[in-house]
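Structure record follows, encoded as structure tokens.
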Amino acid sequence: MPDRSSEHQDRISVIVPVFNMASGDRLSYCMDSLVAQTYENLEILAVDDCSTDDSRKILQDYEKRYPGKVSVYWTEKNHRQGGAKNVGLAHAAGGWLAFVDADDWVVPDYFERLLAEAKRTDADCVGTDYSLVDIHTMVPGKRVANSRMEQTGELTPEKKKSLMLDFGSLCVKLYRREIILDCPSRFPEDIFYEDNALAKTWVYRMHRYAYIPEPLYFYYQHADSTVHTVTRQRLEDRKIAAEIMLSESIKYGYFFGFRQELEYAYTVLYYKNTLFSCLQGDREKGVYAFVTALAKKMQRTFPRFQENPYYQERTDAEEKKLIALQMRSPRAFYLYYRLLWCYRHLRYGKKGQ
């Protein structure tokens, strides 16, 4: 039987997936921000996913220096962040759960403030904003709003639709244990974009949401970040995450209640972002075959996706034009886009791509 005492109900389990984060003091800066939290009823579950650098040694040093607060686990095989997060979830004892990427960090009273807001509002989840920074600092950088106040409070169907569309980063939030662990689904392993696969299911399970409109989380920007790297494997992973997202909605019975929102989310994740990321960044052979197959699958899954009101509102005119062309003629689209890309590259350089 799980421990339902007040101490464990108020404990926060912070899961930190780690892979090769030793260089540049990235991992140490993250861990320092966690062990220095003003909220003391905290367990930090650091999961090393087969790092080949000194990450595990660094974590074990923290475990020795902070017994009872830092626990270190590791995987026998690299399963990417999804696998590491699942290991953390399997050992989490707290009534509240949070995720922090191993190269990010938080303000000293981050968890104290999030939990206080959760209790004040009886929320199942509390979000906050984050700062984009490229150095280790506690001075906020470019602020990114991760939620909106109109999404907060008791989650009516309309508010859930809003969160289905714009839930923001899963890391920059605190979750009631039951929202995640009372659901059989776990993060998909061996792929990137694992968060996208489960976010909609978590939103569906929530009853109340709260938000602190301040940048309390620091997102470290560097060249190795997932969003800055385009490979064929990552494009394939994006497609897999989109398919899981869709199957989750069918499995738990909320597809038809949020069909338009899921159709648009699938369009962006599976098709639109993958299409243009591939054309701009993928230099492997077979690009034409890849983007053509992508379009055909999109047409089979949601044949009228271009009529979706969110697609109409949120897709810019040039992208609409290019996508409509691909739906009519994949070859004409590919040739046109390549000519357009070459023209912009010659005229404007990299900024025009």
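Position 1 is the first residue of the sequence, and the numbers go up from there.
With rounding to the nearest 0.5 Å, the separation of CG in Leu246 from OG1 in Thr301 is 7.0 Å. Between Phe167 atom CZ and Asn196 atom CG the span is 12.0 Å, to the nearest 0.5 Å. Distance check: Tyr209 OH to Thr152 OG1 gives 8.5 Å after rounding to the nearest 0.5 Å. Note: His91 NE2 to Asn86 CG = 12.0 Å, rounded to the nearest 0.5 Å. Here CG of Leu59 is found 10.5 Å from CD1 of Ile44. Values are rounded to the nearest 0.5 Å. Between the CD1 atom of Ile12 and the CG atom of Leu114 there is a distance of 7.5 Å, given to the nearest 0.5 Å.
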Salt bridge (Lys or Arg N to Asp or Glu O under 4.0 Å) assessment of Glu214 paired with Arg113: CA-CA 11 Å; Glu214 295 180 43; Arg113 294 187 61 182; 2.7 Å; yes

Test side chain to side chain contact (heavy atoms under 4.5 Å, CB included) on Tyr252 and Cys183 and set out the steps. CA-CA 10 Å; Tyr252 293 109; Cys183 178; 3.6 Å; yes

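Judged by the 6.0 Å distance and 45° axis criteria, Lys160 is not positioned over the aromatic ring of Phe258. Figure legend: cation-pi geometry between Arg177 and Trp96 absent, as NZ or CZ is not positioned both under 6.0 Å from the six-membered ring centre and within 45° of its axis. For Arg259 and Phe256, the positive end is not near the middle of the six-membered ring at less than 6.0 Å and at most 45° from its axis. Taking the ring axis of Tyr193 as reference, the NZ or CZ atom of Arg234 does not stay both within 45° of it and closer than 6.0 Å to the ring centre. Under the 6.0 Å distance and 45° angle rule, Lys297 does not count as a cation-pi partner of Tyr271. Stacking of Arg232 on the aromatic ring of Phe290 is recorded, both the 6.0 Å distance cut-off and the 45° axial limit being met.
No donor-acceptor pair closer than 3.5 Å links the side chain of Thr292 to the backbone N or O of Ala289. With Asp316 contributing its side chain and Glu318 its backbone, the two residues share a donor-acceptor pair below 3.5 Å. In this structure, the side chain of Glu189 does not engage the main chain of Gly82 through any donor-acceptor pair within 3.5 Å. Between the side chain of Glu112 and the main chain of Gln37, no donor-acceptor pair closer than 3.5 Å is present. Although no hydrogens or angles enter the test, the distance criterion places a donor-acceptor pair under 3.5 Å between the side chain of Tyr254 and the main chain of Thr201. Asp54 places no side-chain N or O within 3.5 Å of a backbone atom of Lys57 that could act as its donor or acceptor partner. With Gln326 contributing its side chain and Arg331 its backbone, the two residues share no donor-acceptor pair below 3.5 Å. The backbone N or O of Tyr310 sits nowhere less than 3.5 Å from a side-chain atom of Gln260 that would complete a donor-acceptor pair. The backbone N or O of Leu170 sits nowhere less than 3.5 Å from a side-chain atom of Asp195 that would complete a donor-acceptor pair.
Following chains of ILVMFWY side-chain contacts shorter than 4.5 Å, one cannot reach Ile240 starting from Leu262, and the two form parts of different hydrophobic clusters. Leu269 is not connected to Val230 by any chain of hydrophobic side-chain contacts under 4.5 Å among Ile, Leu, Val, Met, Phe, Trp and Tyr, and they are in different clusters. Under the 4.5 Å side-chain contact rule for hydrophobic residues, Val144 and Val133 share a cluster. Under the 4.5 Å side-chain heavy-atom criterion for ILVMFWY residues, a single connected hydrophobic cluster contains both Met149 and Leu155. No single ILVMFWY cluster, assembled from side-chain heavy atoms under 4.5 Å apart, contains both Tyr337 and Leu335.
Proximity of Gln151 to Asp166: side-chain heavy atoms (C-beta onward) are separated by under 4.5 Å at one or more points. Residues Arg148 and Ser162 are in side-chain contact: their nearest non-hydrogen atoms beyond the backbone lie under 4.5 Å apart. Side-chain atoms of Tyr270 and Met245, non-hydrogen and from C-beta on, never get closer than 4.5 Å to each other. In this structure, the side chains of Lys142 and Tyr219 stay at 4.5 Å or more apart for every pair of heavy atoms. Put simply, the side chain of Lys85 reaches to within 4.5 Å of the side chain of Glu194, judged on heavy atoms. Residues Asp129 and Tyr211 form a side-chain contact, since some pair of their non-hydrogen atoms from C-beta on lies under 4.5 Å apart. Residues Tyr336 and Leu325 have side chains in contact (heavy-atom distance under 4.5 Å, counting atoms from C-beta outward). Looking at Met298 and Thr267, their side chains come closer than 4.5 Å, going by heavy atoms from C-beta outward.
For the 3.5 Å distance criterion, the side chains of Glu248 and Ser185 qualify, holding a donor opposite an acceptor. With 3.5 Å as the limit, one finds no donor-acceptor pair spanning the side chains of Thr128 and Asn146. A side-chain donor from one of Thr75 and Asp49 sits under 3.5 Å from a side-chain acceptor of the other. Counting only N and O atoms by type, the side chains of Gln312 and Asn308 include no donor and acceptor under 3.5 Å apart. For the 3.5 Å distance criterion, the side chains of Arg56 and Ser51 fail to qualify, holding no donor opposite an acceptor. Judged by distance alone, the side chains of Ser33 and Tyr110 never bring a donor and an acceptor atom under 3.5 Å apart.
Across all non-hydrogen atoms, the minimal contact from Arg26 to Ser23 is NH2-OG, 2.9 Å. The shortest heavy-atom contact between Ser277 and Arg238 is OG-NH2, 3.4 Å. Nearest heavy-atom pair, Asp237 versus Arg80, reported as atom, atom and distance to 0.1 Å: OD2-NE, 4.4 Å. The shortest heavy-atom contact between Lys173 and Cys125 is CD-SG, 3.8 Å. Residues Ser55 and Asp53 share a closest heavy-atom pair of OG-OD1, 2.8 Å. The minimum heavy-atom distance between Gly257 and Lys161, with the atom names listed, is O-CE, 4.0 Å.
For Lys321, the NZ atom sits in a loose shell: 12 or fewer heavy atoms of surrounding residues, nucleotides or ligands are nearer than 6.0 Å. Counting non-hydrogen atoms of neighbouring residues, nucleotides and ligands closer than 6.0 angstrom, the CD atom of Glu40 reaches no more than 12 such neighbours. Counting heavy-atom neighbours within 6.0 Å of Lys320 NZ, excluding the residue itself, gives a total above 12.
With Tyr311 as the partner, the ring-ring contact (aromatic ring centres under 6.0 Å, His included) test is satisfied by one option alone out of Tyr264, Phe305, Tyr266: Phe305. No option in Arg205, Arg176, Glu178 other than Arg176 meets the side-chain contact (heavy atoms from CB on, under 4.5 Å) test with Asp124. For the side-chain contact (heavy atoms from CB on, under 4.5 Å) criterion with Tyr62, the lone passing option out of Leu34, Leu27, Asp32 is Asp32.
Under 4.0 Å is where a charged nitrogen must lie from a carboxylate oxygen, and between Arg65 and Asp61 at least one such pair does. The pair Glu261-Lys200 does not meet the salt-bridge criterion, since no charged nitrogen lies less than 4.0 angstrom from a carboxylate oxygen.
Ring orientation note: the planes of Phe255 and Phe302 are close to parallel, at an angle under 30° on the 30°/60° scale.
Between Phe19 and Trp74, the distance separating the two ring centers is not shorter than 6.0 angstrom. Taking the six-membered ring for Trp and the full ring otherwise, the centers of Tyr220 and His136 sit less than 6.0 Å from each other. Aromatic rings of Phe187 and Phe99 (six-membered ring for Trp) have centroids within the 6.0 Å cut-off, being under it.
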